[in-house]
Amino acid sequence: MISFRAFPTHLPAVRPPMKALVTGAGGFVGPHLLQHLDECGDEAIGFDLGNGPDLRDGDGWREVITGEGPDVIYHLAGWSDVGGSWQEPVTTFEINAMGTISILEAARRAGTGRVVLISSADLYGTVDAGDLPITEDHPIRPRSPYGASKQAAEAAAIHYWRGYGLGTVIARPFNHLGPGQSTKFIAPAFAGQIAAAEAGGSGQLLHGDLSPRRDLTDVRDVVRAYRLLAERGQDGEAYNVCRGETVSMQDLLDCLTSQTNASITQVPDPERFRPVEIPVLCGSYDKIRAATGWEPTIPLDETLTSVLTDARQRHGVALSR
């Protein structure tokens with residue numbers, strides 16, 4: 001079992017409802033954010049490739065954002081596959097860097113009050129153990145095309161604040177997980193293989209390097225942070241969104257497999273090992289707590305159970321075995 005300290009459940013009061021536009025609404029985080037905004041009483045509309053322009057279509061986004069007239073834009077859309085960015089670095093930069101500029105320019109022209117840019121803690125790169133937990137003042141040294149593309153997106157957001165006066169606030173989420181996440185990511189990948197083994201009675205579980213330690217937060221806590229940053233974040237500033245504690249991928253896997261009676265054999269898969277792996281990534285959320293009152297509240301055990309339940313539903317497994 002994975003055990004973390006308990007966090008306070010007090011949620012600070014939020015401002016009156018806002019009109020919000022969410023890019024990337026059809027991805028993993030988008031539906032959770034839209035649900036939270038609705039619970040806050042906000043008027044929210046979401047766009048993805050099914051009902052909106054490609055991020056590289058600046059004219060298309062100018063038309064959408066001008067037409068909707070949001071108070072705030074949550075820019076979630078982008079390339080999110082860190083491992084896949086090594087195979088598609090150009091596309092990663094086009095979507096994450098130039099795509100962000102498309103949104104910022106459209107927001108500037110439409111007179112949008114604030115853009116919350118969802119960046120990533122991956123841009124910190126490899127960090128010495130003595131520098132943990134990572135604060136927002138830590139040097140930016142990305143070790144992947146994905147991380148470098150997020151660095152470029154942040155630079156654009158800061159420029160639009162300093163150069164044009166467009167309100168921009170940056171969220172740097174560390175690893176987050178929950179129901180609905182793609183199996184390109186490690187927890188749902190493990191959970192999907194466990195559910196498949198349950199459906200068949202046994203099976204192999206393929207994995208990459210299990211030694212890295214990551215700072216993991218439930219997606220439902222993460223979207224609360226985004227809403228609070230829209231309300232209380234300072235323009236031109238970046239804020240870590242994290243738990244402040246780490247767990248190894250081996251412990252994460254062990255926690256998931258402890259919830260099944262299926263016969264599972266763990267098998268290393270060379271295709272799942274990254275060219276460069278960050279050994280430990282752990283952040284400090286002191287800055288966002290000071291600015292907004294946010295703290296994570298959902299225990300990791302509870303999150304992993306929800307991930308496994310989601311995987312079982314996808315595989316038609318009614319009950320754990």
Side-chain angles (χ1 to χ4, degrees), residues 11-52 55 61 64-65 68-81 95-96 99-100 103-104 106-107 112-121 150 153 157 167-182 184-185 187-188 216-233 238-243 285 288 291-298 302-303 306-307 310:
L11 303 183
V14 294
R15 62 171 281 180
M18 296 181 278
K19 184 173 184 180
L21 185 150
V22 178
T23 72
F28 164 47
V29 180
H32 292 283
L33 178 58
L34 287 170
Q35 179 179 340
H36 179 62
L37 296 177
D38 181 67
E39 291 168 352
C40 290
D42 292 342
E43 177 187 350
I45 184 168
F47 289 91
D48 57 25
L49 286 176
N51 66 341
L55 277 179
W61 279 108
V64 166
I65 292 172
E68 294 296 335
D71 301 313
V72 58
I73 296 171
Y74 297 90
H75 181 38
L76 274 61
W79 182 284
S80 60
D81 184 358
I95 293 174
N96 287 350
T100 294
I103 299 300
L104 293 169
T112 302
R114 168 158 283 183
V115 176
V116 180
L117 171 64
I118 310 307
S119 183
S120 170
K150 288 294 190 177
T168 61
V169 61
I170 298 165
R172 289 180 184 161
F174 284 60
N175 295 74
H176 46 290
L177 63 165
Q181 190 172 28
S182 166
K184 291 181 180 179
F185 297 88
L216 304 173
T217 308
D218 192 290
V219 65
R220 291 158 289 193
D221 276 332
V222 169
V223 297
R224 282 197 302 106
Y226 295 168
R227 172 59 166 73
L228 287 167
L229 285 175
E231 175 196 354
R232 301 178 182 178
Y239 297 86
N240 290 340
V241 180
C242 57
R243 183 178 292 275
Y285 64 89
I288 189 173
T292 72
W294 179 88
E295 290 183 325
T297 63
I298 302 174
E302 180 180 329
T303 302
S306 70
V307 170
D310 181 52

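Computed from heavy atoms alone, side chains included, the values below leave out hydrogens, waters and symmetry copies. Predicted model, so just to flag it, every value in this text is computed and none were measured.
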For a quick test of reading the model, state the closest non-hydrogen atom pair linking [X] to [Y] and the distance between them.
X	Y	value
L117	A157	CD2-CB, 3.7 Å
I170	S119	CG2-CB, 3.8 Å
G24	A77	N-CB, 3.4 Å
I103	I65	O-CD1, 4.1 Å
P296	C242	CG-O, 3.9 Å
A291	R232	O-CB, 3.7 Å

Would you give the length of the straight line joining atom [atom1] of [X] to atom [atom2] of [Y], rounded to the nearest 0.5 angstrom?
X	Y	atom1	atom2	answer
W79	N96	CH2	CG	9.0 Å
I288	Y226	CD1	OH	9.0 Å
I118	Y74	CD1	OH	9.0 Å
D71	T112	CG	OG1	8.5 Å
D42	R227	CG	CZ	4.0 Å
D221	Y285	CG	OH	10.0 Å

Kindly indicate whether the side chain of [X], heavy atoms from C-beta on, has any atom under 4.5 Å from the side chain of [Y].
X	Y	answer
V116	V72	yes
Y239	V169	yes
V219	Q181	no
T100	H75	yes
R224	W294	yes
L177	F185	no

Tell me whether [X] contacts the main-chain N or O of [Y] through its side chain, where contact means a donor paired with an acceptor under 3.5 Å.
X	Y	value
S120	R172	no
R220	I298	no
R114	L229	yes
K19	E68	yes
N51	G46	yes
R243	L216	yes

Across all chains, not counting sequence neighbours, the ring pair (Phe, Tyr, Trp, His ring centres under 6.0 Å) partners of H176 are none

Is there a side-chain contact (heavy atoms from CB on, under 4.5 Å) between F28 and L76 once you walk through the steps? CA-CA 10 Å; F28 164 47; L76 274 61; over 6 Å; no

For L49, all residues meeting side-chain contact (heavy atoms from CB on, under 4.5 Å), sequence neighbours excluded: D54

Show me, pair by pair, the donor-acceptor contacts under 3.5 angstrom made by side chains of residues 31-40, not counting sequence neighbours?
unit_1: H32; atom_1: NE2; unit_2: P179; atom_2: O; d: 2.9
unit_1: Q35; atom_1: NE2; unit_2: E39; atom_2: OE2; d: 3.2

